[in-house]
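Keep in mind that what you see is a predicted model, and the values were worked out from it rather than measured. Hydrogens, waters and symmetry mates play no part in the numbers below; they use all other heavy atoms, side chains included.
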Amino acid sequence: MSKKIVFATNNKHKLEEVRDILGASFSVLSLQEIRCFEDIPETAATLEGNALLKARYIKAYYGYDCFADDTGLEIKMLNNAPGVYSARYAGEAKDSKANMLKALSELSGKLDRSARFRTVIALLMEGDEYLFEGTVEGNIIESPRGTAGFGYDPVFVPNGYNETFAELGTDIKNKISHRAEAVKKLKTFLDEK
């Protein structure tokens, strides 16, 4: 029988990625499935802080052991912006196309387009807190390519590849991405518990 664990998200793309990586040994429940419809505040100044805020919120108000993540795109020439503000880089509307276009505009004319995606997962389990981090290094291209994925995927080419995350598709992305790396660390930890 699979173990139930709550992932503090309603982002269907993230949920699919995590379910694929954790596999059949875990039944991953979304916020919607535990009837949490609140907009959990992400007011911390770091990815770690936001992940912990979300996980602590679910534990405090719903009682579940759970995990939450926060992910940021860190672009070297922009002093690691958008970083913790990646989802709302172009405003509170959280418009991923507008966010991507703003980043491309700010990189216009810059030669160094190196960037990395970084994911931090906070796990609250049996009264303890744990953090898992994953990163993937790459570059930002000049215009979007591909239709798979979400967020900044159409402009991010991971090192060692010629295609963007949006061109590589979920099978490859789920093997090499920042979230995949963090979730694999989480899975190893959960398997050992």
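At distances below 3.5 Å, not a single donor-acceptor pair connects side-chain atoms of D70 with backbone N or O atoms of A51. In this structure a side-chain-to-backbone donor-acceptor pair under 3.5 Å is missing from R145 to E167. The closest donor-acceptor contact from the side chain of E16 to the backbone of H13 lies at 3.5 Å or more, if one exists at all. For T188 (side chain) and K184 (main-chain N/O), a donor-acceptor pair under 3.5 Å exists by modelled atom type. No donor-acceptor distance shorter than 3.5 angstrom exists from the side chain of R113 to the backbone of N139, with no hydrogens or angles considered.
In this structure, K185 pairs ionically with E181, as a charged nitrogen and a carboxylate oxygen lie closer than 4.0 Å. Ion pairing between a basic and an acidic side chain is recognised when a charged N comes within 4.0 Å of a carboxylate O; K175 and D171 show no such pairing.
How far CG of N11 is from OG of S30: 11.0 Å, rounded to the nearest 0.5 Å. For the atom pair CG (L124) and CG (D128), the distance works out to 9.0 Å, reported to the nearest 0.5 Å. Between the CZ atom of R118 and the CD atom of E74 there is a distance of 4.5 Å, given to the nearest 0.5 Å. Residue I141 holds its CD1 atom at 8.0 Å from CG of L104, rounded to the nearest 0.5 Å. In this structure, the separation between CZ on F7 and CD on E33 is 12.0 Å, given to the nearest 0.5 Å. From I21, atom CD1 reaches atom CG of L186 across 10.0 Å, with rounding to the nearest 0.5 Å.
No continuous path of ILVMFWY side-chain contacts below 4.5 Å connects L190 to L29, so the two sit in separate hydrophobic clusters. No continuous path of hydrophobic side-chain contacts links M125 to L53 [ILVMFWY only; heavy atoms under 4.5 Å]. A chain of hydrophobic side-chain contacts below 4.5 Å, direct or via other Ile, Leu, Val, Met, Phe, Trp or Tyr residues, connects I140 to I176. Residues L47 and L131 share a hydrophobic cluster, clusters being chains of Ile/Leu/Val/Met/Phe/Trp/Tyr side chains in contact below 4.5 Å. Y64 and I121 are members of different hydrophobic clusters when ILVMFWY side chains are connected at heavy-atom separations under 4.5 Å.
Counting only heavy atoms from C-beta outward, the side chains of I58 and I34 approach each other to under 4.5 Å. T170 has its side chain out of reach of E17: every pair of non-hydrogen atoms, C-beta onward, lies at least 4.5 Å apart. Between V183 and N174, the closest side-chain pair of non-hydrogen atoms is not below 4.5 Å. Side chains of Y62 and V6 form no contact here, defined as non-hydrogen atoms less than 4.5 Å apart.
Residue T119 is tested with D69, T71, T135 for a side-chain hydrogen bond (donor to acceptor under 3.5 Å, both in side chains); the sole match is T71. Tested against L15 for a side-chain contact (heavy atoms from CB on, under 4.5 Å), the candidates D20, L31, T9, N10 yield a single pass: T9.
Because its NZ or CZ atom is both nearer than 6.0 Å to the ring centre of Y89 and within 45° of the ring axis, K102 counts as a cation-pi partner of that residue.
H178 and F117 have parallel rings, their planes meeting at less than 30° on a 0 to 90° scale where 60° marks the start of perpendicular.
A side-chain donor-acceptor contact under 3.5 Å links D112 and S114. Side-chain atoms of E38 and Y61 include no donor-acceptor pair closer than 3.5 Å.
Listed here is the closest heavy atom pair of E133 and A182: C-CB, 3.9 Å. In plain terms, the two heavy atoms of I5 and C66 that are nearest each other are CG1-CA, 4.4 Å. Minimum interatomic distance between A87 and N99 (heavy atoms only, all atoms of both residues): O-ND2, 2.9 Å. When every heavy atom of L52 is checked against every heavy atom of E129, the shortest pair comes out as CD2-OE1, 3.6 Å. Scanning both residues, A55 and A68, for their nearest heavy atoms gives N-CB, 3.7 Å. Listed here is the closest heavy atom pair of A103 and I75: CB-CD1, 4.1 Å.
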Side-chain donor-acceptor contacts of residues 149-161 below 3.5 Å, not counting sequence neighbours, with atom names and distances?
unit_1 : atom_1 : unit_2 : atom_2 : d
Y152   : OH     : S86    : O      : 2.8
D153   : OD1    : K173   : NZ     : 3.4
D153   : OD2    : F150   : N      : 3.0
D153   : OD2    : K173   : NZ     : 2.6

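Shown here is Q32, whose CD atom has no more than 12 heavy atoms of other residues, nucleotides or ligands within 6.0 Å.
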